[in-house]
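So you know, we letter chains A, B, ... as the sequences are listed, proteins then strands, and number each from 1. Note that these values count all heavy atoms, side chains included, but never hydrogens, waters or copies made by symmetry.
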Amino acid sequence: MLFQWALRKKHRQKPEKRETVVPGRDQSGKAQDISQEPLHPQLEANIDMIRRTTGNSTDIVIRRVMVGQEGQHRAAVIFVDGLVDEMHVSRFLLEPLLEASFPPSFSAKETFFYIEKNLAAVGSMKQVSQWFEIFLELMSGSTIILLEDVPLALSASTKGGDYRSVEEPQSQLAIRGPRDGFTESLRTNTALIRRRIKNPNLWLETMRIGEVTQTDVAIMYIKGIVNDKIVKEVKTRLGRIKIDSVLESGYVEQLIEDQTFTTFPTIYHTERPDIVAANLLEGRVAIFIEGTPFVLVAPALFIQFFQAVEDYYARFDIATALRFLRVLVFFISLVAPAIYIAGTTFHQEMIPTLLVISIAAQREAVPFPAFVEALVMEVTFEILREAGVRLPRPIGQAVSIVGALVIGQAAVEAGFVSSAMVIVVSITAIASFATPSFAIAISARLIRFALMFLAAMFGFYGIIMGILAMAIHLCSLRTFGVPYMSPLAPFIPSNIGDTLFRVPTWAFKERPRLINQKNISRQGENLRPQPPDPARQDEGDPS
Amino acid sequence: MEPYKLDQRQLFVLIFLFELGSAIVIPLGVGAKQDVWLAILLSLMLGILLSLVYLRLYGYYPDKPLTAYAQDIAGPWIGKMVAILYISYFLYIASRVLRDFGELLLTFAYPETPLFILNAIMILTVMYGVNKGIEVLARTGELFISLLYFVMLLGFVLLIGSGLVDFRQLQPILEDGWKRVVKVVLTETLYIPFGEMIVFTMLFPYMNNPAKVKRVVISGMVFSGLNLAITMTLNFAVLGADAVARSSFPLLDTIRRIQIAHFLERLDVLFMIALIIGGFFKVSVFFYASVVGTAQLFSVERHQRLIYPLGLIVLILSIAIASSYPEHIAEGTKIVPLYMHIPLQIIVPLCLLLICEIRHRYVNHQLGR
């Protein structure tokens, strides 16, 4: 039914789609032109059609067979090499087809239905009659069976082929917590969630996005917990997408987010199934995209980017301390160079006397104003980081050695920068690495430069005005209708337990209120662990 | 009008930030010397009475701002005049507060930066905030209020901790009797900040729960009044009456005295930065009121369009209103209360209420017949 929905969507979009066909994209244009046509009764004509449309691509395997009692019906089994599980195809489709004994009187059509009902030993089997459906199935790894004199095709689900197996996620590592991570296969990813939430209310809807790539996109949510308005909004926004390709969840993210002109992410993405499960249980919607291990979670609140997965696995006092640390770290990565600039340029009186003397002595040899010094160092660091990320690992190490030596040692000795500046830049860098979400760390990186500029011109006043403007901007953001800064602003007392600090697990009574408005109760009353009853203790006490 | 809605907590936050905004930095009520806390508490009580007048008007017109119901009450011509008066008043006070903070920055940290630039940065931020709407401003207030209050408490603890507070400086109470206190109340502290609550008549229509407005307003005023009284008293307890009288920004001079372990010193710049946030909200509320008031008066559909022209007016006004800081303060203490605060905070609202009451009585009477 879900698939039909997706197909219906396709139908509905058809007329508009034609208009969006760009000249020079002939192949997709051609594929769409034939898409409305039904199958030809002649087998050879159909095979020819497939050959022509796919341009005789060599990975399309067309296996002609004779079926029926005396082999009187010609048939073809067609699949894409590499997308299907070949063992599966030969054992459960070809073998039964070739070896089955059909009643002799069967016409082509009867044979066709007999194959569908009695022979094919695969999980899912369906009839398709239109070309675009056939190609869709074929390209998604199904095996198509065509029969002479029957203008219908059978599509057997034989998806397979090589995928990366479930491994530990590369981003968002955790010391304590499950080790499995999402893979590039959508089915594996949804299964990882199903395994965690064994509940029929975990609903999954699929659609295809990308006119050329026809990428599978799945929405997952827990019916009864999720806010239906948000699901509807997500679906509308996904349905609006008309794009040629979706190669990563970033494509979808940028097309459905609330505001483009912001450095802050309003949709969360993660490689960890436990994070997605936790978010589904809070009433959010997960969007899986075929071909990427990064699953989107919407709506994402600002504070969510400071919540590491281990916060919920560690005890609450530790988690609270770490949460504070992370918010602090975010601010350090945001303002540390700006404060250095403001302090040395405008507010020397605020720095303790001994320190200011030592900084001044260091800066004596430096030919640049503090702002230029900081800017040069920050940019150098960003270059180093960028080089380190893209390079192959062995060379990456060389880069870091060169960077550490040149920047840490030589630049200071040559009198390019002061050593205090090096300390500030390193602290900033480490702080920005310590921010748990890369998405928010990178936005801090951008804003840092703006704040440095303001600090160079107006000192602390510039910094505070910049931060104020940033706060106004943050408060004005919404993500799928939910204020981005909630539950801090608007302040929601019952949800504040999972923001700057994390209350003990037994006190997690409510789900986020603005996200799911109806089913907010999360756990029973009186879950707080108690010392054993004195009465029972007496019984059990051996003395 | 924007479809935004404020809840009670947000209104409370706005009132608190607004009331403390500039009042906490400027030399407020220093004429009353060590009895400043009495003056503030007395003005708080009178101020609450005043705000009851505003609330009563709001009760008659729960979905209209002051500039709109002035026209309903006093007729279109006089009403429009009154509305224009109020809009100019809000613009003027916005630029006064802007000037206060510009001067503060100039005095304490940026002696060589032009006042115009300092004010421009602030008004640009205000314009950005007002452009985003009152709801966003209120939420930003919610974010910052805990930070501000934390800074205030920290300052309090540090002052006590460094042993600077000398309560003997607060004696004798009522040295010259009530006269001096009452004079300060009637010339200064009643109007700034309590009478300035008149600007909230422009925001009340955005409330999502009109029934609770009265409680929020009064509790907000009491809470901020108490904080203000404590802070001002602390200034006297630390600096003594003479030093406070000579100071342009007593609170910051007080903070400057803090010196702990030869490490925590010269904290005034940090506190100044924190206080600027309060000033930001005060300017924003006044500016927002004048923007929506103008939009309402001249039937401008998108009030955001008025932000740039009006913002420019506030910026230029903030430079042009006085040629020096002493002149600015002298205007603020001698001329503004007499010609602006008293008529616009007390007389006009009272007249409006009177007309309104009479009309309602009369109409009810007629209906009764």
For B:Arg215, I'd like to know if atom CZ has over 12 heavy atoms of other residues, nucleotides or ligands within 6.0 Å.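 Atom CZ in B:Arg215 is not crowded, with 12 or fewer foreign heavy atoms closer than 6.0 Å.
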Mark yes when over 12 heavy atoms from residues, nucleotides or ligands other than B:Tyr149 sit less than 6.0 Å from its OH; otherwise mark no.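 More than 12 within 6.0 Å, yes.
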Please report the shortest heavy-atom distance between A:Pro490 and B:Glu142, naming the atom on each side.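 Taking A:Pro490 first and B:Glu142 second, the nearest heavy atoms are CA-OE1, 3.3 Å.
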How far apart are the closest heavy atoms of A:Ala471 and B:Thr140, and which atoms are they?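 Shortest heavy-atom separation between A:Ala471 and B:Thr140 comes out as CB-CG2, 3.9 Å.
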Value rounded to 0.5 Å, distance of [atom1] in [X] from [atom2] in [Y]:
X: B:Phe144; Y: A:Ile472; atom1: CZ; atom2: CD1; result: 8.0 Å
X: B:Leu275; Y: A:Ile464; atom1: CG; atom2: CD1; result: 10.5 Å
X: B:Lys132; Y: A:Ser476; atom1: NZ; atom2: OG; result: 3.5 Å
X: A:Met457; Y: B:Ile117; atom1: CE; atom2: CD1; result: 8.0 Å
X: B:Ile273; Y: A:Leu468; atom1: CD1; atom2: CG; result: 11.0 Å

Can you list the residues of residues 445-455 of chain A that sit under 4.5 Å from chain B, counting heavy atoms only?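 No residue falls under the 4.5 Å cut-off.
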Heavy-atom donor-acceptor pair, B:Arg9 side chain to A:Phe491 backbone, under 3.5 Å: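 Yes.
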Main-chain N/O of B:Leu118 paired with A:Tyr461 side-chain donor or acceptor, under 3.5 Å: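 The answer is yes, because a donor-acceptor pair under 3.5 Å joins these two groups.
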I'd like to check A:His473 versus B:Tyr128 (side-chain heavy atoms, cut-off strictly below 4.5 Å). Are they in contact?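 Contact flag for A:His473/B:Tyr128 side chains = yes.
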What part of B:Met272 lies closer than 4.5 angstrom to a heavy atom of chain A: side chain, backbone, both or neither?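 Neither part, no heavy atoms under 4.5 Å.
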Set out, in order, the CA-CA distance, both residues' side-chain angles and the distance that settles side chain to side chain contact (heavy atoms under 4.5 Å, CB included) for B:Ile276 and A:Met465, then state yes or no. CA-CA 9 Å; B:Ile276 280 174; A:Met465 281 296 139; 3.3 Å; yes
Taking A:Phe458, A:Phe460, A:Phe346 one by one, which has the highest count of heavy-atom pairs under 4.5 Å against chain B?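 That would be A:Phe458.
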Given the options A:Pro352, A:Ala489, A:Gly459, which has more heavy-atom pairs under 4.5 Å with chain B than any of the others?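 Ranked by contacts with chain B, first place is A:Ala489.
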For each of B:Val13, B:Thr113, B:Asp7, B:Leu105, tally heavy-atom pairs with chain A at distances under 4.5 Å, and name the one with the top tally.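 Among the listed options, the one with the most contacts to chain A is B:Leu105.
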